[in-house]
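Letters A, B, ... mirror the listed sequences (proteins, then strands); counts begin at 1.
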There are 2 protein chains.
Amino acid sequence: MSSVVHPGRPPSLTERTIEAVRDGVRNGTFVPGELYSVYRLADELGVSRSPVREALLRLAETGMLAIERNRGFRVVLPGARELAEIMAVRIALEVPAASRAARLAKPSDHDSLRVEREAMQQAVVAGDEGAFLLHDQRLHGLLLDLAGNAHVTRIIENLRDATRLVGLSTMKNSRSLDEVYREHLPIVSAVERGDGRAAGEAMRRHLESTGRLLLREAAGENDDVNALWAELIR
Amino acid sequence: MSSVVHPGRPPSLTERTIEAVRDGVRNGTFVPGELYSVYRLADELGVSRSPVREALLRLAETGMLAIERNRGFRVVLPGARELAEIMAVRIALEVPAASRAARLAKPSDHDSLRVEREAMQQAVVAGDEGAFLLHDQRLHGLLLDLAGNAHVTRIIENLRDATRLVGLSTMKNSRSLDEVYREHLPIVSAVERGDGRAAGEAMRRHLESTGRLLLREAAGENDDVNALWAELIR
DNA sequence: TCGACATAAGTAACATGTTACTCCTGATTC
DNA sequence: GAATCAGGAGTAACATGTTACTTATGTCGA
């Protein structure tokens, strides 16, 4: 997304810890609900508690984990309502962003999009949910970058942290990789045609469809998915 | 906004420091561009460097101040482009929020809105820009609360931190308090009628008009306000 | 007058120490 | 057996110590 912008500057221990925790959540080192402590994590990473604490505070702000005073921290799976709220934000921001991306994209950008789209296709064939989610994320990130609003990019990336685990388990359960993949095709082709309106509408259809999928996955006994959807998205 | 939710829990030193810095920026204790240090601020607040540092890190993430390694931190005024980006986000989120607020508001909510609207009117008469901005912020906050999406509320509040100073100087210079006040009237009346579409459209007109005002204020010699607007908002 | 260069002051980033809290565990009582 | 309570283990929040860096300042040679 924003890789080589400040050339040299090595990442701080805090930043490295943030990435380490993100990875740990992705690959199952940190299990949702379990209690962990700054002491132990600092030991395992070979750094002091300060940068670890700073990293956790930042991640806690995005909602992907919760810090409990004098107890520890734990990874939290978003509930149905939180997911609906997040999808509402994504729709509000990513739909216009897709429109703008379509209007601003150059041929070289089309190439980058195609690379990710094809990687997604490969992941579908291979049945690799992790890879699928990775390239899905990159494709959405590319579109946001094209739209040229760094604030929007940052907001969406933070929200994604909170939902990644749900996305993974949803994909694993529903076996609908191909379905989700197909939703991206009209987005990409609209961008290639430079058709802003169509790109926005395709993005909206994709996010609404995927959002409902995620919501059903996360919903508990007493969550009325349709009511939540109506309250926050419609 | 979200006052009495966890009854007792006294605010941590970090939280108190965040508020102290916010206040300091508002009332001119911290001047944009000037360098300040964690050491000194911790002394002045009578706490250690840890909570102060944590507070500054959080505020730096919202963009209202920048931390410079081994130098200090400084309050930053957003440039024209950043302001345009922020207004694009506000439009994308607050317009649908106003629609939802109109559909969900109860009579008691109408009362709360009226209180803030009247306070704004008083501030116009008194020519008190500070009070005007405060109640303007509260009115927007009420509408966001009514829309029921806590993520949206949090995002907008963070963005506001970064723009408050520009808003203040704009109001002081342009003497257009009354104009901005009048833009809120159709929003409030649409909410009272329960007319979601009208509320959204009134909010859009307000944000676009105010956004252009802020942009002109923040624009430097080589900023093309209209081009920025076209790229990010239209 | 001007520029190279040592020196020192000041700082964020990181490490470590301290405190007050939460919760578990197990003994004690009824 | 169940309820109560003391003690201790473990922790986040906060305080303080250390390090490596950046920059201002002044000295000296051309």
Side-chain angles (χ1 to χ4, degrees), chain A residues 5-25 29-76 161, chain B residues 5-25 29-76 161:
Chain A
V5 55
H6 284 311
R9 189 65 60 135
S12 67
L13 290 184
T14 298
E15 292 168 59
R16 274 189 272 171
T17 303
I18 288 177
E19 281 315 309
V21 174
R22 278 205 181 111
D23 286 350
V25 170
T29 308
F30 296 104
V31 182
E34 202 79 12
L35 256 182
Y36 302 96
S37 90
V38 173
Y39 275 68
R40 277 205 269 264
L41 180 53
D43 269 4
E44 285 164 21
L45 295 177
V47 299
S48 80
R49 309 193 303 275
S50 301
V52 174
R53 176 173 163 79
E54 283 173 14
L56 293 177
L57 284 171
R58 279 219 242 168
L59 291 170
E61 260 193 311
T62 75
M64 84 177 287
L65 48 85
I67 297 178
E68 303 182 16
R69 179 167 181 132
N70 298 327
R71 302 254 303 138
F73 68 92
R74 56 180 105 225
V75 180
V76 289
D161 270 348
Chain B
V5 55
H6 285 309
R9 188 67 58 143
S12 67
L13 290 185
T14 298
E15 292 169 59
R16 275 190 270 170
T17 303
I18 288 176
E19 281 314 309
V21 174
R22 278 206 180 108
D23 286 350
V25 170
T29 307
F30 296 104
V31 181
E34 202 78 12
L35 257 181
Y36 302 95
S37 90
V38 173
Y39 275 68
R40 276 205 266 267
L41 181 53
D43 268 3
E44 285 163 22
L45 295 177
V47 299
S48 79
R49 309 192 303 274
S50 301
V52 174
R53 176 173 163 79
E54 282 173 14
L56 293 177
L57 284 171
R58 279 218 241 168
L59 291 171
E61 259 192 311
T62 75
M64 85 177 286
L65 48 85
I67 297 179
E68 302 182 16
R69 181 171 178 126
N70 299 327
R71 302 253 304 139
F73 68 91
R74 56 180 105 225
V75 180
V76 290
D161 270 349

Checklist outcome for this item: In whole angstroms, the gap separating P of C/dC21 from CZ of A/Arg69 amounts to 7 Å
Checklist entry - Can you name the side chain to side chain donor-acceptor pair (under 3.5 Å) partners of A/Ser12, sequence neighbours left out? => result A/Glu15
Next on the checklist: Regarding B/Arg16 and B/Glu19, does a basic nitrogen lie under 4.0 Å from an acidic carboxylate oxygen?
Outcome noted: no
Item to check | Donor-acceptor pair present, B/Arg49 side chain and D/dG17 base, under 3.5 Å | outcome: yes
Next on the checklist: Let's see if you can work this out: which of C/dA12, C/dC14, D/dC14 has an atom nearest to the side-chain heavy atoms of B/Leu13?
Outcome noted: D/dC14
Checklist entry - What's the CD-C1' distance between A/Glu54 and C/dC14, to the nearest Å? => result 8 Å
Next on the checklist: If you go through the side-chain atoms of A/Ser50, does one of them form a donor-acceptor pair with the base of C/dA15 closer than 3.5 Å?
Outcome noted: yes
Next on the checklist: Please report the interatomic distance OH(A/Tyr36) to CG(A/Leu56), rounded to the nearest 0.5 Å.
Outcome noted: 12.5 Å
Checklist entry - Could you give the CG-to-P distance, from B/Leu45 to D/dC14, as a whole number of Å? => result 13 Å
Checklist outcome for this item: side chain to side chain donor-acceptor pair (under 3.5 Å) filter on B/Thr29, not counting sequence neighbours, yields B/Asn27
Next on the checklist: Rounded to whole Å, how long is the line connecting atom OH of A/Tyr39 with atom C1' of C/dC21?
Outcome noted: 13 Å
Checklist outcome for this item: A/Asn70 atom CG is separated from D/dG8 atom P, nearest whole Å, by 19 Å
Next on the checklist: Is A/Thr14 close enough to C/dC14 that one of its side-chain N or O atoms is under 4.0 Å from OP1 or OP2 there?
Outcome noted: yes
Item to check | Interatomic distance, A/Arg53 CZ vs D/dA12 P [rounded to whole Å] | outcome: 8 Å
Checklist entry - Given atom CZ of B/Arg40 and atom C1' of C/dG10, what is their separation to the nearest angstrom? => result 8 Å
Checklist entry - Just how far, in rounded Å, is P of C/dC23 from CG of A/Leu35? => result 10 Å
Checklist entry - Would you say D/dT11 has OP1 or OP2 under 4.0 Å from some side-chain N or O of A/Ser37? => result yes
